[in-house]
Amino acid sequence: MAESILFDKNATRAKQYEQLLPQIKALIEFETDRIANLANVAAVLKEAFYFLWVGFYEFKSDELVLGPFQGPLACTRIKPGKGVCGKSFEEAKTIVVPNVDEFPGHIACSSLSKSEIVVPIIKNGEVVAVLDADSDTLNNFDKIDQQYLEQLAQIIAMQW
Ligand code: SME
């Protein structure tokens, strides 16, 4: 198993994603434990991009429940339709929020969070979890993050 992930800290974010994604795939493809894999994915994203918070909410019974993450403590349960996570879950679509104060119903786990992206993880047509990343700067996420984090969500879904 890889002991570390290599990437060029000075490269564009797109290049960094291109360097990281194959390594993340290699890191998780032979490990069957979901918590271990999600924990490592959160760690890699946090180390690469210095997100304020990055992690997972898994759909269990009837709500999203906090999974592995990196960053400050977060709310543990989110109902479908609530907040950015619940909306992304309900719509099975990525949501990019340039300014969380302008997103109706945004759930503020940390007052430092300014922008956010939530990407659904879809297995056999069902959203099984969401990947959530928060930043302490406005407009931190764009189409590039969406494109690559959606690819990452597909890699994660293969292990689900
Ligand atoms: N802001 C999210 C809640 C989760 S935390 O950001 C970790 C939301 O509105 O769904």
Side-chain angles (χ1 to χ4, degrees), residues 5 7 13-14 16-17 20-21 24 27-28 31 33-160:
I5 297 271
F7 62 98
R13 198 179 280 188
Q16 290 184 331
Y17 278 120
L20 289 173
L21 259 50
I24 292 176
L27 183 68
I28 69 175
E31 173 53 63
D33 189 274
R34 186 180 304 148
I35 290 178
N37 284 336
L38 297 183
N40 265 340
V41 172
V44 169
L45 293 176
K46 173 84 170 163
E47 189 184 345
F49 300 121
Y50 305 104
F51 296 145
L52 172 69
W53 192 97
V54 56
F56 298 90
Y57 282 90
E58 185 175 346
F59 186 64
K60 292 182 174 172
S61 309
D62 63 348
E63 56 192 352
L64 292 161
V65 182
L66 183 63
F69 70 95
Q70 295 265 320
L73 72 82
C75 47
T76 53
R77 289 169 188 271
I78 299 175
K79 292 276 183 211
K82 299 289 177 197
V84 189
C85 291
K87 270 270 178 312
S88 168
F89 172 82
E90 204 171 60
E91 294 174 3
K93 280 212 293 240
T94 297
I95 301 179
V96 176
V97 183
N99 178 353
V100 295
D101 289 339
E102 291 172 3
F103 188 93
H106 168 258
I107 301 164
C109 291
S110 164
S111 59
L112 295 175
S113 177
K114 298 277 190 288
S115 58
E116 179 164 6
I117 185 169
V118 180
V119 179
I121 296 169
I122 300 170
K123 180 79 181 183
N124 299 330
E126 301 284 327
V127 183
V128 290
V130 297
L131 163 58
D132 180 12
D134 290 36
S135 170
D136 59 3
T137 59
L138 290 167
N139 294 303
N140 191 44
F141 303 102
D142 61 16
K143 290 270 169 216
I144 294 287
D145 299 280
Q146 174 167 358
Q147 178 191 329
Y148 287 104
L149 291 178
E150 286 177 353
Q151 283 180 27
L152 176 58
Q154 285 179 15
I155 293 169
I156 292 167
M158 290 191 285
Q159 303 302 110
W160 212 272

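Counting convention: from 1, in listed order, for ligands and their atoms alike.
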Can you tell me which residue and heavy atom of the protein come closest to atom 5 (S) of ligand 1, and the distance to 0.1 Å?
C109 SG, 3.1 Å
Hey, do the aromatic rings of F7 and F49 have their centres closer than 6.0 Å?
no
Side chain, backbone, both or neither: which part of K87 has a heavy atom under 4.0 Å from ligand 1?
neither
Strictly by modelled atom types, are D145 and Y17 linked by a side-chain donor-acceptor pair under 3.5 Å?
yes
Looking at K82 and E63, is any side-chain nitrogen of the basic one under 4.0 Å from a carboxylate oxygen of the acidic one?
no
Got the closest protein heavy atom to atom 8 (C) of ligand 1, with its distance?
V84 N, 3.3 Å
Counting only heavy atoms not in I35, do more than 12 fall under 6.0 Å of its CD1?
no
Starting from atom 3 (C) of ligand 1, find the nearest protein heavy-atom neighbour and note its residue, name and distance.
I107 O, 3.6 Å
Touching ligand 1 at all, F69? Heavy atoms, strictly under 4.0 Å?
no
Start with the C-alpha gap between F69 and F56, add the side-chain angles, then the distance that decides, and say whether side-chain contact (heavy atoms from CB on, under 4.5 Å) holds.
CA-CA 6 Å; F69 70 95; F56 298 90; over 6 Å; no
Mode of D132 contact toward ligand 1 - side chain, backbone, both, neither (heavy atoms, under 4.0 Å):
side chain
Which residue and non-hydrogen atom of the protein lie closest to atom 6 (O) of ligand 1, and at what distance in Å?
D134 OD2, 2.8 Å
How long is the straight-line distance from CG of L149 back to CG of L45, given to the nearest 0.5 Å?
6.5 Å
Quick note on ligand 1: atoms under 4.0 Å from a heavy atom of C85 include exactly 8 (C), 10 (O)
Where ligand 1 meets Y57 - atom numbers and elements under 4.0 angstrom, heavy-atom basis
4 (C), 7 (C)
Donor-acceptor list for residues 150-160 side chains, cut-off 3.5 Å, not counting sequence neighbours:
| from | atom 1 | to | atom 2 | distance (Å) |
| --- | --- | --- | --- | --- |
| E150 | OE2 | T94 | OG1 | 2.5 |
| E150 | OE2 | Q146 | NE2 | 3.0 |
| Q159 | NE2 | I28 | O | 3.0 |
| Q159 | NE2 | E29 | O | 3.4 |

Identify the protein heavy atom lying closest to atom 2 (C) of ligand 1, giving its residue, its atom name and the separation to 0.1 Å.
E116 OE2, 3.1 Å
In a check of side-chain hydrogen bond (donor to acceptor under 3.5 Å, both in side chains) between D134 and each of S113, S115, S110, which one passes?
S113
Using a 4.0 Å cutoff against the non-hydrogen atoms of W53, which atoms of ligand 1 qualify?
7 (C)
Under 4.0 Å to a heavy atom of H106 - the qualifying atoms of ligand 1, by number:
1 (N), 9 (O)
